[in-house]
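The block underneath contains the structure these notes are about, expressed in structure tokens.
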2 protein chains.
Amino acid sequence: MNLEYPTALQSLILHLKRLPGIGSRSAERMSLWLLQQPVGTLAALSEVLVQVEQEIKPCASCGFFATREGCAICQAPDRDPRLLCIVEQPTDILPIERTGAFRGHYHALGGRLAPLDNVGPEDLRIGELMDRIRTGEFEEVVLATGADVAGEATANYLAEILRSSNVRLTRLAQGMPVGGGLDTADSLTLHRAFQHRRNLSHDA
Amino acid sequence: MNLEYPTALQSLILHLKRLPGIGSRSAERMSLWLLQQPVGTLAALSEVLVQVEQEIKPCASCGFFATREGCAICQAPDRDPRLLCIVEQPTDILPIERTGAFRGHYHALGGRLAPLDNVGPEDLRIGELMDRIRTGEFEEVVLATGADVAGEATANYLAEILRSSNVRLTRLAQGMPVGGGLDTADSLTLHRAFQHRRNLSHDA
């Protein structure tokens with residue numbers, strides 16, 4: 001009875017609505033915009049989607065996005081083989097890369113410990129991590145899981161099981177975000193910033 | 001030198017960034033989310049895009065989205081053949097349909113007059129409109145272009161060229177939005193609401 005969009009268009013709207021941060025109205029607006037593009041625009045996007053699904057797989061070693069040609073991190077000749085940085089997700093790697101502060105290797109766990117959601121150590125890439133540390137030449141392992149409760153718990157767990165291995169364990173510093181005034185930091189961050197305060201007279 | 005996402009993933013991010021309302025960060029988040037979906041998700045979205053591009057074409061008569069089976073509006077047997085509603089874009093049709101206030105036919109112009117952007121009458125579907133009015137049995141034509149300057153100009157132009165034809169011309173009412181207090185309306189809307197005030201004693 002009621003007039004609706006053609007089925008294919010409705011289906012596109014439903015697909016786009018599932019994307020993170022996209023509601024019904026945005027999905028509709030995006031779909032109608034796509035529909036009104038020059039011929040070939042949708043076909044091109046469609047092809048890229050297939051390409052992404054077929055070509056990009058997680059690297060079996062570090063967990064970053066790899067192609068058939070291999071992993072851009074694991075194959076790079078100029079990375080420090082003594083440094084390993086453990087992150088929760090492969091998507092955490094590029095933000096670290098962009099800082100330029102780290103030029104070692106990475107290991108994405110594929111998640112974090114969350115007992116309430118039934119995510120235990122066996123669900124993360126911890127066996128692979130132990131293998132890499134045993135067979136590799138790592139001297140320092142940076143625990144770069146999140147600064148929230150689950151990230152801390154995961155870092156604590158890893159610190160526990162890695163204590164016996166012959167590597168130095170470090171954790172990302174916590175404190176004031178750069179550029180933030182005291183009034184903008186939450187009290188827990190401010191608390192940590194006091195706890196971890198640096199001794200300037202010694203540094204100097 | 002710098003680590004980047006694989007080419008296919010970068011390409012997907014660029015494509016999504018072109019969507020309306022989507023910036024770099026959203027496009028990246030959406031792409032990474034898509035990449036981490038179960039196998040087949042991207043293929044399904046890809047297929048829908050191809051389907052939309054291949055199946056949906058503007059109806060040659062009214063301009064709404066039509067499929068190979070035809071146009072859901074022009075083919076509907078229960079619509080009033082005496083009423084024609086002129087809108088700027090095919091996307092203006094569904095919002096009107098959802099109100100349930102109109103059960104006639106539509107004509108999407110495909111735009112509005114905008115001399116500064118070089119959009120003149122010959123760029124809109126006005127020839128098709130004149131043909132429909134000449135050959136059809138329309139008794140009333142509702143000018144439902146936007147209530148902004150360009151929409152008003154387009155309505156005025158259409159009113160001018162349709163004045164000689166044997167149809168009653170009407171224009172959507174302007175006034176206070178339902179549910180809005182006097183303090184929320186802008187002064188031009190309030191001005192129109194005064195100009196077009198209804199005579200309750202006559203209506204009663």
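Below, chains carry the letters A, B, ... as their sequence lines are ordered, and counting in each starts from 1.
- Rounding to the nearest 0.5 angstrom, the gap separating the CG atom in Leu113(B) from the CG atom in Leu158(B) is 7.0 Å.
- Side chain of Arg125(A) to main chain of Gly111(A): no donor-acceptor pair is present (N/O by atom type, distance under 3.5 Å, no hydrogens or angles).
- For a residue to count as touching a neighbouring chain, one of its non-hydrogen atoms must lie under 4.5 Å from one of that chain's; by this rule Glu69(A) does not touch chain B.
- Looking only at heavy-atom pairs under 4.5 Å with chain B, the residue among Val39(A), Leu34(A), Leu49(A) that has the most is Leu49(A).
- Ile96(A) CD1 to Tyr106(A) OH: the interatomic distance, rounded to the nearest 0.5 Å, is 5.0 Å.
- Considering only heavy-atom pairs separated by less than 4.5 Å from chain B, the leading option among Met30(A), Gln51(A), Gln37(A) is Met30(A).
- Per-residue counts of heavy-atom pairs under 4.5 Å with chain B were compared for Ser26(A), Ala43(A), Gly100(A), Gly21(A); the largest is that of Ala43(A).
- A perpendicular orientation is assigned to the rings of Phe138(B) and His105(B), their planes being inclined by more than 60° (bins at 30° and 60°).
- Leu190(A) has its side chain within reach of Met176(A): a pair of non-hydrogen atoms, C-beta onward, lies under 4.5 Å apart.
- Put simply, of Thr91(A), Val50(A), Leu35(A), Thr41(A), the one with the most heavy-atom pairs under 4.5 Å next to chain B is Leu35(A).
- For the set Leu14(A), Leu94(A), Leu32(A), the count of heavy-atom pairs under 4.5 angstrom toward chain B peaks at Leu94(A).
- Using a 4.5 Å cut-off between heavy atoms, Leu9(A) contacts chain B through both its backbone and its side chain.
- Under the 3.5 Å distance criterion, the side-chain polar atoms of Arg103(B) are left unmatched by any main-chain donor or acceptor of Arg79(B).
- Using a distance-only test at 3.5 Å, with no hydrogens or angles considered, no donor-acceptor pair links the side chain of His107(A) to the main chain of Val141(A).
- Below 4.5 Å, heavy atoms of chain A meet no heavy atom from residues 161-171 of chain B.
- Both the backbone and the side chain of Ala44(A) come within contact range of chain B, each with at least one heavy atom under 4.5 Å from a heavy atom of that chain.
- Atom-to-atom distance recorded for Leu19(A):CG and Trp33(B):CH2 is 5.5 Å, nearest 0.5 angstrom.
- To the nearest 0.5 Å, the span separating CZ on Arg132(B) from SG on Cys74(B) amounts to 5.5 Å.
- Judged by distance alone, the side chain of Asp117(B) and the main-chain N or O of Val119(B) form no donor-acceptor pair under 3.5 Å.
- At a 4.5 Å heavy-atom cutoff, the contact between Ile22(B) and chain A is made by side-chain atoms alone.
- Of the atoms belonging to Pro90(A), it is side-chain heavy atoms, and not backbone ones, that fall under 4.5 Å from chain B.
- The only option from Asp148(B), Thr154(B), Thr145(B) that meets the side chain to side chain donor-acceptor pair (under 3.5 Å) definition with Arg112(B) turns out to be Asp148(B).
- Across Leu16(A), Ile73(A), Leu12(A), the residue that shares the most heavy-atom pairs under 4.5 angstrom with chain B is Leu12(A).
- For Ser31(A), no part lies under 4.5 angstrom from a heavy atom of chain B.
- Of the listed residues Thr7(B), Val52(B), Thr67(B), the one with more heavy-atom pairs under 4.5 angstrom with chain A than any other is Val52(B).
- Both the backbone and the side chain of Leu45(A) come within less than 4.5 Å of a heavy atom of chain B.
- Separation of atoms CG (Leu84(B)) and CG (Leu143(B)) is listed at 9.5 Å; rounding is to 0.5 Å.
- Looking at Ile93(A), the atoms closer than 4.5 Å to chain B (heavy atoms on both sides) all sit in the side chain, from C-beta outward.
- If you measure heavy-atom distances from Ser11(B) to chain A, the contacts under 4.5 Å come from both the backbone and the side chain.
- Panel note: side chain Arg197(B), backbone Phe194(B); a donor-acceptor pair is recorded below 3.5 Å.
- At a 4.5 Å heavy-atom cutoff, the contact between Arg98(A) and chain B is made by side-chain atoms alone.
- With a 6.0 Å radius and a threshold of 12 heavy atoms from other residues, nucleotides or ligands, Glu47(B) has its CD atom at or below the threshold.
- Within the 4.5 angstrom heavy-atom criterion, only side-chain atoms of Glu55(B), from C-beta onward, approach chain A.
- There is no contact between Gln54(A) and chain B, counting heavy-atom distances below 4.5 Å.
- Although no hydrogens or angles enter the test, the distance criterion places no donor-acceptor pair under 3.5 Å between the side chain of Glu137(B) and the main chain of Pro81(B).
- In this structure, OG on Ser187(B) lies 10.5 Å from CZ on Arg192(B), to the nearest 0.5 angstrom.
- Both the backbone and the side chain of Tyr5(A) come within contact range of chain B, with heavy atoms under 4.5 Å apart.
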